[in-house]
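Have a look at the structure below before the remarks.
Reminder, nothing fancy here: chain letters follow the sequence lines and each chain counts from 1. Worth knowing before you read on, the calculation uses all heavy atoms, side chains too, and leaves out hydrogens, waters and symmetry mates. Remember, predicted model here, so these are calculated numbers, not experimental data.
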Amino acid sequence: MPKTSNSYLRAVADGLCDWGVEAFVYVPSSHAAPVIRDLEARGVRAVLANREEEAVGIAGGMRLAGVRAAIVMQDNGFGNALTALGTFTVAYHVGLPVVANSRGGVGEYNSMIQAISGAVPRLLEALGIPVHELSRRDPVESWRSTTSAAAELATIQHRPVVTLFDALDPAIAGAR
Amino acid sequence: MNRLEALERIESVTREWALVVTCGATAREMATVSRSERHLPLLDSMGLTCAVGLGVALGTTSHVGVVDGDGSLLMGFSILPTLATTRPANLTVVVLDNQQHASADGMASQAAQLDLAVACAGFGFAVDEVADGPALGRALERAVEARELRLVLARIEPGNAEGVPLLLEDPAVLASRFAAALEAPS
């Protein structure tokens, strides 16, 4: 059964739309699925990638062609994407927004995912990629404004910028 | 046909195209053929050439070519089903198949043990196999006329050209020039 959206997840899609997103490349994730389906329903062009580094290549190529493109994925896929982010989007100054649901916090139900997901912010920061984290501490309005502002930051700084949103936290998952 | 000859042929036929070029010796050899602003050499992103080319093709009306190697294609093989399901008509993929990772000490690639043309055709797009310069040129011209995604598999000799200098330009400058060339009317 498809996961239902809520005000927080709609705010992520709203934020990308506020930025003017024209296309997004996604790697399937059950917890990012409401955002993906929401963007598709709004008529934003969607491209399915099989791996996260592939998504970096496709979305980065679209950005070079002048398309307002972003990536929607889950944070454990950053392990796959690091080399592509470092050798392509960072080195070539590609302003690419990436939004990813985070795993491994409260509400987590899998035993194996914390090691990679917990390390993601530090891995990205080690590459010089700014990370903005959205959690239960942030009001729903700031989920929207931060997503939009982070995407704009990627645009004006010509660098990838990542926004992580914690959709598993019961305080978020249980929201309407 | 060695790689330098293949690249010279590609450049002679694709002067109106945007080209995304795979890393290592291929990028360096292409830079000795032409330093065109229409070229985007991926200096260290092995396995990403087709993905970047696909993204560019989805965002422009220009014809886009990808110059990949067998080793790089195999490293990012998951792009083939994505290419097959997106099918931009303005994209042509050229795979220079020397059956080795020539930029990695000439280590054999798995292409030596399988038929890349059959594997690629299995994803449903047209594949032209060529082994000399004139046939490569004709395949590229056919690719534009066909107005469909096509893959050209060019069999080339192993090894790298001698005496080719490193390509040490700032990647950000390469990207900026390339993006500006895409924006310019053709």
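With A:Met62 as reference, B:Leu58 is the one residue of B:Leu58, B:Val52, B:Leu54 to meet the side-chain contact (heavy atoms from CB on, under 4.5 Å) rule.
Shown here for B:Pro171 and A:Ala91, the closest heavy-atom pair between the two residues is CB-O, 3.4 Å. Smallest separation of non-hydrogen atoms from B:Leu182 and A:Ala65: CD1-CA, 3.9 Å. Scanning all heavy atoms of the two residues, the minimum distance from B:Leu48 to A:Glu53 falls at CD1-O, 3.1 Å.
Residue A:Ala59: no heavy atom, backbone or side chain, is found under 4.5 Å from chain B. For a residue to count as touching a neighbouring chain, one of its non-hydrogen atoms must lie under 4.5 Å from one of that chain's; by this rule B:Leu43 touches chain A with backbone and side chain alike.
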A:Leu48/B:Thr82 under side chain to side chain contact (heavy atoms under 4.5 Å, CB included): CA gap, chis, key distance, verdict: CA-CA 7 Å; A:Leu48 166 62; B:Thr82 307; over 6 Å; no

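A:Val106 and A:Ile116 are members of different hydrophobic clusters when ILVMFWY side chains are connected at heavy-atom separations under 4.5 Å. A single hydrophobic cluster is not seen to contain both B:Val95 and B:Val21; linkage of ILVMFWY side chains at heavy-atom distances under 4.5 Å, directly or through other members, places them apart. A chain of hydrophobic side-chain contacts below 4.5 Å, direct or via other Ile, Leu, Val, Met, Phe, Trp or Tyr residues, connects B:Leu140 to B:Val33. Follow the hydrophobic side-chain contacts under 4.5 Å out from B:Leu83 and you reach B:Leu153 in the same cluster. Under a hydrophobic-cluster definition in which Ile, Leu, Val, Met, Phe, Trp and Tyr are linked whenever side-chain heavy atoms come within less than 4.5 Å, directly or via other members, A:Leu9 and A:Phe24 are assigned to the same cluster.
Without hydrogens or angle criteria, A:Asn50 side chain to B:Ser78 main chain gives a donor-acceptor distance under 3.5 Å.
One distance of note links OG1 of B:Thr86 with CD1 of A:Ile58; it measures 7.0 Å at 0.5 Å rounding.
Highest contact tally toward chain B, considering only A:Arg63, A:His158, A:Arg45, is held by A:Arg45 [criterion: heavy-atom pairs under 4.5 Å]. Across B:Leu42, B:Leu40, B:Leu174, the residue that shares the most heavy-atom pairs under 4.5 angstrom with chain A is B:Leu42. Contact count versus chain A (heavy atoms, under 4.5 Å) is highest, among B:Pro81, B:Ala175, B:Gly53, B:Ser176, for B:Ala175.
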